[in-house]
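Before any comments, here is the structure.
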Amino acid sequence: MNPDFIVCDEPTSALDASIQAQVLNTMNELQDEFGLTYLFISHDLSVIRYIADRVAVMYLGEIVELAEKEELFENPKHPYTDALLSAIPAPDPRATETRAPLEGDVPSPIDPPSGCRFRTRCPELIAPPEYDFSEAEWDAVRAFTRAVDRRAPAIDAAEADEERDAGTLRRELRMTYFEDVDVGGEAGEVVDEAIAAVVDGDPETADALLQEAFAERSICAREVPNYVLEPELGGSVHVADCHLHRGDAD
Ligand code: SF4
């Protein structure tokens, strides 16, 4: 058939390492001999790093980052790419770096989140401009919002506890999520209301309050990100769908 372009969908995923290497080497040889272009789909980043020239990272059915291979691996710009790269095991038994796995489930692609599709799991969700949060305050508010949304064990325990009084449970939740920060003003009132709703056995109301006051007001929820950036390595543009780079885009 003498094709110019071949789509390879996970061609090596079921193979052991030595067969995988043989197949990849054969593909490289065929590419040189016949001038082929491959669209290579894989979850294995070490295979991608070996075979690809340009890499597109997909999340929930859409490309969220696109760059030349070395640029993408050395200077990832999207938090999802960061998470994927940090999940690659280090082949060093002395390595002590711990990995933080992504939390939460992938949302339904039929009803994706507004704005950035990754926002419900993104560890770097941007603070809403209405509040003058310090970094530590926003970290705590974001962690609490996520915990209520996912019914973290501490939230479930506070909701189910019928032995201790409401004041003690509220103080405990505050200590768990806001030990080192004192979120005041309007944001503090929302947090207090949400904590009271959890302790009253109504985490749905707490979740709705927190989503409306914080998560939904972030630029990440209100605008779809798409930025074309100057690469640090290579010549092709670097595209990153993340508002963290809105100041760097052309
Ligand atoms: S736009 Fe916001 S939610 Fe999306 S990846 Fe960037 S920081 Fe995270």
Side-chain angles (χ1 to χ4, degrees), residues 43 45 48 54-69 71-88 98-152 177 181 183 187 190-191 194 207-232 236-250:
H43 283 84
L45 289 167
I48 296 283
R54 294 178 80 210
V55 183
V57 178
M58 295 191 75
Y59 180 75
L60 207 59
E62 286 192 354
I63 292 174
V64 295
E65 185 159 10
L66 172 68
E68 284 187 25
K69 174 177 65 180
E71 166 73 2
L72 188 114
F73 277 85
E74 297 303 323
N75 304 308
K77 302 290 187 198
H78 196 285
Y80 181 58
T81 311
D82 253 342
L84 291 179
L85 294 179
S86 70
I88 299 174
T98 52
R99 292 180 269 141
L102 275 181
E103 291 182 345
D105 297 325
V106 180
S108 165
I110 298 171
D111 183 22
S114 62
C116 171
R117 292 180 158 225
F118 186 52
R119 73 176 169 86
T120 53
R121 304 176 74 203
C122 180
E124 300 191 43
L125 186 85
I126 296 168
E130 288 88 343
Y131 309 104
D132 195 17
F133 287 128
S134 68
E135 209 176 309
E137 287 169 349
W138 175 235
D139 283 350
V141 168
R142 186 172 49 196
F144 179 59
T145 302
R146 292 275 161 85
V148 172
D149 188 43
R150 292 183 191 128
R151 308 291 192 273
Y177 292 99
V181 292
V183 179
V190 174
V191 167
D207 190 25
L209 275 171
L210 295 166
Q211 292 296 324
E212 189 186 328
F214 304 125
E216 302 290 341
R217 292 188 187 183
S218 165
I219 186 175
C220 304
R222 289 185 287 106
E223 290 181 26
V224 176
N226 180 251
Y227 301 102
V228 178
L229 311 169
E230 274 298 314
E232 290 175 40
S236 294
V237 291
H238 189 152
V239 180
D241 289 359
C242 174
H243 289 305
L244 290 171
H245 303 290
R246 60 194 186 282
D248 312 330
D250 286 344

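Numbering starts at 1 and runs along the sequence shown. Just so you know, these numbers use all the heavy atoms, side chains as well, and skip hydrogens, waters and symmetry mates. Atoms within each ligand, like the ligands themselves, are counted from 1 in listed order.
- Ring orientation note: the planes of His78 and Phe118 are tilted relative to one another, at an angle of 30° to 60°.
- One distance of note links CD of Glu230 with NE2 of His238; it measures 11.5 Å at 0.5 Å rounding.
- Contact check on Arg121 versus Glu103 returns no salt bridge, with no Lys/Arg side-chain nitrogen under 4.0 Å from an Asp/Glu carboxylate oxygen.
- Among protein heavy atoms, the minimum distance from atom 1 (S) of ligand 1 is reached at His243 N, 3.2 Å.
- At the shortest separation from atom 4 (Fe) of ligand 1 among protein heavy atoms lies Cys116 SG, 2.3 Å.
- Residue contact check: His78 has heavy atoms under 4.0 Å from atoms 5 (S) of ligand 1.
- Ion pairing between Arg119 and Glu216 holds under the 4.0 Å rule for side-chain N and carboxylate O.
- When distances to atom 2 (Fe) of ligand 1 are checked against a cut-off of 2.8 Å, Cys220 contributes an N, O or S atom below that limit.
- We find that Arg146 and Asp149 are not joined by a salt bridge, their nearest charged nitrogen and carboxylate oxygen being 4.0 Å or further apart.
- Closest protein heavy atom to atom 7 (S) of ligand 1: Glu124 O, 3.5 Å.
- Per-residue contacts place Cys122 under 4.0 angstrom from the following atoms of ligand 1 (heavy atoms of the residue considered): 3 (S), 5 (S), 7 (S), 8 (Fe).
- Atom 6 (Fe) of ligand 1 lies under 2.8 Å from an N, O or S atom belonging to Cys242.
- Close contacts of ligand 1 with Pro79, meaning ligand atoms under 4.0 Å from a residue heavy atom, involve 5 (S).
- If you take OG1 on Thr81 and OH on Tyr59, they are separated by 12.0 Å, rounding to the nearest 0.5 Å.
- Proximity to Arg119 (heavy-atom distance under 4.0 Å) selects the following atoms of ligand 1: 3 (S).
- In this structure, Tyr177 and Phe144 have tilted ring planes: the angle between them lies in the 30° to 60° band.
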